[in-house]
**Student:** 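Supplied in structure tokens, the structure appears directly below.
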Number of protein chains: 2
Amino acid sequence: MAGSISEAVLRRLPRYYRYLNELEADHVMQISSKELAERMGLTASQIRQDINCSGGEGRQGFGYSVPKLRRHIGKVLGIQSKQNMIIIGAGNIGSAVALSDSFRTSNFYTVAIFDTDPQKIGKKIGALTVLDYKDVAAFLKRQPVHIAVLAVPFASGQSVVDRLHDLGVTAFWNFVPADLDIPDDATIVSVHLEEGLQILSYKMKESSQTF
Amino acid sequence: MAGSISEAVLRRLPRYYRYLNELEADHVMQISSKELAERMGLTASQIRQDINCSGGEGRQGFGYSVPKLRRHIGKVLGIQSKQNMIIIGAGNIGSAVALSDSFRTSNFYTVAIFDTDPQKIGKKIGALTVLDYKDVAAFLKRQPVHIAVLAVPFASGQSVVDRLHDLGVTAFWNFVPADLDIPDDATIVSVHLEEGLQILSYKMKESSQTF
DNA sequence: TAGATTGTTAATCGATTAACAATC
DNA sequence: TAGATTGTTAATCGATTAACAATC
């Protein structure tokens, strides 16, 4: 049951969640593992295994309740409750994350954005004003923050993690193109955009060789 | 040898490339699988397997030549030659990709950015001017484009892929939060940002339960 | 009830790790 | 040469798929 979700399964859960959301929006209330498998390009067997080891439940003979399963996976992922994020770095990526409202639908709220550049401090990004990174400690004392988004240059990545962890932040969403070291009590998920592009590049070669 | 690189190995290649780049920048000319394994948190055995099945070569008793291996993996990934990208959608993400210069270091060049919004058409984003998406067909006739970056709203994702594929584009870097359908001769790599955030959310819960 | 589909166990497949012979 | 480290084969491990009994 809970606690035994492997990396492989975990990586699929957000995708299930997305499909179930879409189904719910289309007023589909019930779905079988077979039908979902066809839509997602998986096997029905894998879907049943995944749901089962995540603690989800269906009904024999009928399938799964779409809203019930969606809510369940949302709960497993921990996205039923609001989470506050601060963004460090008001460059291209930091700004894009700040301006995006698509994370709010998963209950992630950006509450502040910081930078060290005097040119950027005080500037408006959407509803937020860029704050001075010097004041991050004071800010963290005032307001609960669950996640720090790292959108700083390569050279500052590690020092920002170290500093924020000292200040009590234990979850990081990292856009810095480096594998940052974090203490055991912290969690980091890295988005290495250029890696995706390089994988695409490989696959382009591959598929063109087929002809 | 070549042609037999599994998904699992392929997903690690960009990371090897990144580490080798860093080593080269630090003037490390030679490295053993053992030393690299320690730095990357992998096993030496896996590194040797990965390099071997990618066609890379070391020297018994010494290890691998850092620049040679870096170049080799770069070639396997197909990033030794320039690739032109066009961005569809001049919103937050489209703009961030356009403004980022970090992709240029992997030889990916943004040559144009398109939108349908009259408010955005004509606006400057870095060195580029936002073009009218209506003119994308004419543009593709004039200039070779290897990759289209999809940064449009959810509702337009599929129609943009369909249209661009009709116009001859076969590689897509997708930021639309949907699994878009592509023909067999095309390739797509999707970046589902909110999925990473949801995975982080799960891991935060997990690690806090440890205490 | 009969039909359908889950939950779960067993079989298969692929990926990772271990071991060691080849060789620089 | 001796020591070190690769290249590669074999063993292990985990994840996926298949099968089927349980049950709605």
**Student:** Under 4.0 Å: is that the gap between some side-chain N or O of Y64(A) and OP1 or OP2 of dG7(C)?
**Tutor:** yes

**Student:** Under the ring-ring contact (aromatic ring centres under 6.0 Å, His included) criterion, do F103(B) and Y109(B) qualify, and how do the steps go?
**Tutor:** CA-CA 7 Å; F103(B) 308 126; Y109(B) 287 78; over 10 Å; no

**Student:** When you compare the side chains of T43(A) and S45(A), does any donor N or O come within less than 3.5 Å of an acceptor on the partner?
**Tutor:** no

**Student:** For I5(B) and dG14(C), give me the distance from atom CD1 to atom C1', rounded to whole Å.
**Tutor:** 16 Å

**Student:** Quick one: stems for DNA chain D, with Watson-Crick or G-U pairs under 3.5 Å, at least three in a row?
**Tutor:** C:3-24 with D:3-24

**Student:** Once each nucleotide of nucleotides 17-24 of chain C is scored for protein heavy atoms under 4.0 Å, what B/S/- sequence comes out, 5' to 3'?
**Tutor:** BBBB-BBB

**Student:** Between C1' on dG14(C) and CG on D50(B), what's the gap in Å once rounded to a whole number?
**Tutor:** 14 Å

**Student:** Cation over ring, R163(A) on Y133(A), under 6.0 Å and within 45°?
**Tutor:** yes

**Student:** From CG of L10(A) over to C1' of dA15(D), roughly how many Å is that when rounded to an integer?
**Tutor:** 15 Å

**Student:** Contact class for R11(B) (heavy atom, under 4.0 Å): base, sugar-phosphate, or nothing?
**Tutor:** nothing

**Student:** Rounding to an integer number of Å, can you tell me how far L36(A) CG sits from dA4(C) C1'?
**Tutor:** 17 Å

**Student:** Main chain of S65(B), side chain of R59(B): is a donor-acceptor contact present, judged purely on distance under 3.5 Å?
**Tutor:** no

**Student:** Taking only Lys NZ, Arg NE, NH1 and NH2, and the carboxylate oxygens of Asp or Glu, determine whether K203(B) and E7(A) approach each other closer than 4.0 Å.
**Tutor:** yes

**Student:** Evaluate the side-chain contact (heavy atoms from CB on, under 4.5 Å) criterion for residues I51(B) and Y16(B): first the C-alpha distance (whole Å), next the side-chain angles of each, then the deciding distance (0.1 Å), finally the verdict.
**Tutor:** CA-CA 9 Å; I51(B) 291 174; Y16(B) 290 130; 5.5 Å; no

**Student:** Tell me if a side-chain donor or acceptor on T105(B) pairs with a main-chain N or O of S102(B) at a distance below 3.5 Å.
**Tutor:** yes

**Student:** Check the phosphate of dT8(C) against N52(A), side-chain N and O only, distance under 4.0 Å to OP1 or OP2. Yes or no?
**Tutor:** yes

**Student:** Between H165(B) and D185(B), do the side chains contain an N or O donor and an N or O acceptor separated by less than 3.5 Å?
**Tutor:** yes

**Student:** Which of residues 15-31 of chain A have a heavy atom under 4.0 Å from DNA chain D?
**Tutor:** none

**Student:** Should the pair R18(A)-E195(B) be classified as a salt bridge under the 4.0 Å nitrogen-to-oxygen rule?
**Tutor:** yes

**Student:** L23(B) and L36(B): which non-hydrogen atoms are nearest, and at how many Å?
**Tutor:** CD1-CD1, 4.1 Å

**Student:** Taking the nucleotide of DNA chain D with the nearest heavy atom to each, does S6(A) or A44(B) sit closer to the 5' end?
**Tutor:** A44(B)

**Student:** Do Q158(B) and D162(B) meet the criterion of a side-chain donor-acceptor pair at a distance under 3.5 Å?
**Tutor:** yes

**Student:** Using atom CD1 of I51(B) as one end and atom P of dT8(D) as the other, report the distance to the nearest whole Å.
**Tutor:** 13 Å

